[in-house]
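The next block holds one structure in the form of structure tokens; read it before the comments.
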There are 2 protein chains.
Amino acid sequence: MEPVRDGEADWTLEALGLELAEPGSAPLAQRLYRALRGWIQAGRLASGQRLPSSRRMARELGVGRNTVLAAVDQLIAEGFLESRRGAGIFVADVAFEGVASQCREARPSSAGSDVGEAALSARGRRLLAYCATLDERHGAFAPGVPALDRFPHELWQRLLRRHQHAMPTAWLDYQAQGGVPALREALCDYLQLSRSVRCHPGQVLIVQGAQQGFELIARLLGDVGDRVWVEEPGYSGAQACFSAAGFAVEAVPVDAEGMDVASVAATRPAPRLIHVTPSHQYPSGVTMSLARRLALLEAAERHGAWIVEDDYDSEFRYGQRPIAALQGLVDGARVIYVGTFSKVLYPGLRLGYLVLPESLVGPFRRANARLHREGQYPVQAALAEFIARGHFSRHVRRMRDCYRGRQARLRAALAPAVARGLRLSEGQAGMHLVAWLDSLETERVLVERAVGQGITLSPLSRYYLRRPGRPGLVLGYAGADEEAIERAGRWLAREWERSVRER
Amino acid sequence: MEPVRDGEADWTLEALGLELAEPGSAPLAQRLYRALRGWIQAGRLASGQRLPSSRRMARELGVGRNTVLAAVDQLIAEGFLESRRGAGIFVADVAFEGVASQCREARPSSAGSDVGEAALSARGRRLLAYCATLDERHGAFAPGVPALDRFPHELWQRLLRRHQHAMPTAWLDYQAQGGVPALREALCDYLQLSRSVRCHPGQVLIVQGAQQGFELIARLLGDVGDRVWVEEPGYSGAQACFSAAGFAVEAVPVDAEGMDVASVAATRPAPRLIHVTPSHQYPSGVTMSLARRLALLEAAERHGAWIVEDDYDSEFRYGQRPIAALQGLVDGARVIYVGTFSKVLYPGLRLGYLVLPESLVGPFRRANARLHREGQYPVQAALAEFIARGHFSRHVRRMRDCYRGRQARLRAALAPAVARGLRLSEGQAGMHLVAWLDSLETERVLVERAVGQGITLSPLSRYYLRRPGRPGLVLGYAGADEEAIERAGRWLAREWERSVRER
């Protein structure tokens, strides 16, 4: 316990005075606290060094003694200083500099993103491999983006306002009821009527988007190393969830009748989950045939697997009514139905839902409340009214007309290319078309040329797990307005014709 | 291809007529579709059976022919019927009944919740073991619930309305910017000033609650079988996330200086994560000493582990300023700071945040956008203004006074018990006190007696991974009003004295 030398105290006080004289908006006590703390952290005040008395500090710094005491008390509470009875205040004896230099050395300042990826877990790195296409969601042809400009904002905001205002205080708290009851009821009515889903409101679990639904399913129903069968080509968003949950993701081919389980069922070990988009396969657009649906249900039954029915955009069916859901086909089938409001309303809403078999309701509700918590109850209540009052069905009908029109514009713009051999998917439903190409080289060239045109060309081959996949383009036509779609379509037709000539 | 017999067609039409005559609100075509579909599903119409002609059906049922055609077309599209050129419409040849009976047999109608749990994955069952306390969050003494009655609803709703109204259309779409920039900036200012966190806005990632933050951390930084060290006693919400992510959850004892890493570091394999609540340990309430903080940073450095600093309620510090965060102690330390708005504002808001080391920002942002999606942008924007305009700090100050008052009321009510030996934690911070008991039997008796009193007594022993833990009670005093807290405190004092007498 060396006594402080007068020279040290003077040096300290002078430097402190200079630091406090600099302009700053924080209260003086806090600035003094920060200055002293910074000095100890930087080793400018050494362990065991004694601070000048609070009276002297106050006098020399020209601040109130209470200011000094507040700063010093805080530093004592945090352990940077210690008060020794009768002897004064000392810098605590902590090996600060040792730890600090250890951390500095371990992390060179040149640390770039490569260092970040190296720090990740194996599953983290696998997951990031599914993130490649994330930045390409904008511009004409971006898939999965609805017509945000056509959303009934005013009406929706009125409902939101009303329900936010009328919100019971209990809704501010943690909840574990599976979502606002009125929403589960309205949704149930809607699903029974328009999707032939068999359910009662108790089976509905409101989640924060379909992705959260996939996550719950993956973790509650599968362990690490379990298999999930996915469609090939298929939806990488769901695959990312399954992969991050430790599943082995196995591709099952899709043909004109949808996923062909029979082609693999005999030769492969049993899966725990089977992810399908039977109403409107993503991205190929085919509808799963009844025979394939029954074969799928039968295979799930035989393997003890769960079918995850991802019904992401079946509301938009042109021609006849939407194809009924797989979920309602057979009573007691091993199907979990996953729905989302991201396509019908808007992605930023972050609401989706599961329809669960009776026996899974309790576990899923508890796990969801524990892992994700429930929330957004006023938004859920507003949505319940939006559905119950028929606004939802009306919006679906309007968007169906809108998207049918946009698809027609796109087809018209692409007609010259189609006349010269470009093949387009049928487009009986949904928000995108697929254009099949004859070579990966053409795919690559077209995607490259689109950059900088305000056009997002998604290569179909990227939707395949087994590379190289089939070449093609996924053309979203829902999110951009008619003019933009037409312009982009004409551009693509020209570029395609050019690529034909150049071959 | 047998021709339909007239008797069959008559039977079909008569029964259909009866079914359509029943009252119902759906359009006729849809009711006809459903009736026919139901019959095929139930085996009442057999494979290969021919339907009467559409003309005859329309005439006999007394509906328009277009109605019949719409229903039949839908059933053809779904594969239940098939049209054979020149021969008519037939029930498709699908083995419907076989699959249906298989599913029926596999799931007896008596399926209860036990069947549900048996269907879960091993990690799903582990996770549910953390859900036992979920239903006990209400009434006096429920821990972790803020004073929802004191929340400035009117002001908050005004901000929400304004930002919902002014919302750019782009916010309806998928986002991947780590949260609304204005919120990340406002938060950064706040964290630097009041928590001494070292950060710039780019390091902040807005998530849908702290739980989502734990999940991202667990999966991006750890693989299955990796170790996470947690405080003992500790927070089961975080432990549930780590366990569900496949971590081995290992307890490290907490004493009066916080988690004691040195007590285990020499003998145990390296952890990948270390979860701590250094500002105000949950639930014991102790503040981690500076020496322990440095030892923790040093251990993380040595093991290559990441420290997850869970700063759940440090805003509420009575006496001096909140203890500065561990995150800002040393430059380049391996710390991820996790914050939540559930305690300061309200749990139903579902917003929290991570402050990430620079090298992890990119991977976390991409993985979050992929796994969870971002959303609630208008709410984030409203919150940014709430913080930037000082409402947040003001609300924190008001709640600090409110909770200090509620704690004082609780202490006063418990004074007779304390005079007879009940030991209470210091309560320099936070939203709960711990009452230590001398036996698990007393803990059990008190918890049992509280049932039905509108009082939630959380047994301290449940906060321990290694059973039996230390006996005690976790007494939340923030969520119930002064009168309720006082009444509950008096009840507890009486019951405790009774239990002393009975011994």
Side-chain angles (χ1 to χ4, degrees), chain A residues 73-74 77-79 94 99-100 102-104 107 111 113 115-116 120-122 124 127 131 134 137 148 157 164 169 171-174 176 209 219-224 240 244 289-291 294 297-298 301 320-321 323-324 330 332-333 346-348 350 359-360 362-363 366-367 369-370 373 375, chain B residues 73-74 77-79 94 99-100 102-104 107 111 113 115-116 120-122 124 127 131 134 137 148 157 164 169 171-174 176 209 219-224 240 244 289-291 294 297-298 301 320-321 323-324 330 332-333 346-348 350 359-360 362-363 366-367 369-370 373 375:
Chain A
D73 280 355
Q74 180 72 23
E78 295 193 356
V94 283
V99 175
Q102 230 176 315
C103 291
R104 264 197 306 275
R107 251 157 307 291
S113 66
V115 178
L120 299 184
S121 59
L127 172 61
C131 297
L134 267 185
R137 301 206 73 108
L148 302 174
Q157 283 181 14
Q164 249 145 16
T169 306
W171 284 3
L172 297 175
D173 200 354
Y174 295 103
R219 290 194 290 176
L220 284 178
L221 298 179
D223 283 302
V224 170
S289 69
L290 185 57
L294 290 171
L297 290 172
E298 194 274 329
E301 201 59 52
Q320 80 256 351
R321 291 186 60 227
I323 299 296
V330 162
Y346 58 95
R350 299 286 76 231
S359 62
L360 296 180
R366 278 156 66 207
R370 192 55 161 170
R373 314 296 196 186
Chain B
D73 281 354
Q74 180 73 23
E78 295 193 355
V94 284
V99 175
Q102 230 177 317
C103 291
R104 265 198 305 276
R107 251 156 309 290
S113 65
V115 178
L120 299 185
S121 59
L127 172 61
C131 297
L134 267 186
R137 300 205 74 107
L148 302 175
Q157 282 181 14
Q164 249 146 14
T169 305
W171 285 3
L172 298 174
D173 201 353
Y174 294 103
R219 290 193 290 176
L220 284 178
L221 298 179
D223 283 302
V224 170
S289 70
L290 186 57
L294 291 171
L297 290 172
E298 194 274 328
E301 202 59 52
Q320 81 255 352
R321 289 186 64 230
I323 300 295
V330 162
Y346 59 94
R350 300 285 75 231
S359 62
L360 296 180
R366 277 156 66 207
R370 192 56 161 167
R373 314 296 197 186

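Protein chains get the first letters and strands the later ones, always in sequence-line order, with residue 1 at the start of each.
- Here B:A324 pairs with A:Y33, A:R37, A:E78, B:S196 under the side chain to side chain contact (heavy atoms under 4.5 Å, CB included) rule; sequence neighbours left out.
- Ranked by heavy-atom pairs under 4.5 Å with chain B, the list A:G222, A:A244, A:G209 is led by A:G222.
- Between chain A and the options B:L221, B:L290, B:V99, B:V224, the largest number of non-hydrogen pairs under 4.5 Å is found for B:L290.
- B:R219 is linked by a salt bridge (Lys or Arg N to Asp or Glu O under 4.0 Å) to A:E215, B:E215, counting only residues two or more places apart in sequence or in another chain.
- Among all heavy-atom pairs drawn from A:A367 and A:L220, the shortest one is CB-CD1, 3.6 Å.
- In this structure, chain B has heavy atoms under 4.5 Å from both the backbone and the side chain of A:D223.
- Residues B:A333 and A:C103 approach most closely at CA-SG, 3.9 Å, considering heavy atoms.
- Residue B:Q157 touches chain A through its side chain alone, counting heavy-atom pairs closer than 4.5 Å.
- With a threshold of 4.5 angstrom between heavy atoms, B:L127 approaches chain A through side-chain atoms but not through N, CA, C or O.
- Per-residue counts of heavy-atom pairs under 4.5 Å with chain A were compared for B:G348, B:G79, B:P347; the largest is that of B:P347.
- Across every non-hydrogen atom of A:P363 and B:L120, the tightest pair is CB-CD1, 3.7 Å.
- Residue B:T169 touches chain A through both its backbone and its side chain, counting heavy-atom pairs closer than 4.5 Å.
- Atom CD of A:Q102 sits about 4.5 Å away from atom CD of B:E298, to the nearest 0.5 Å.
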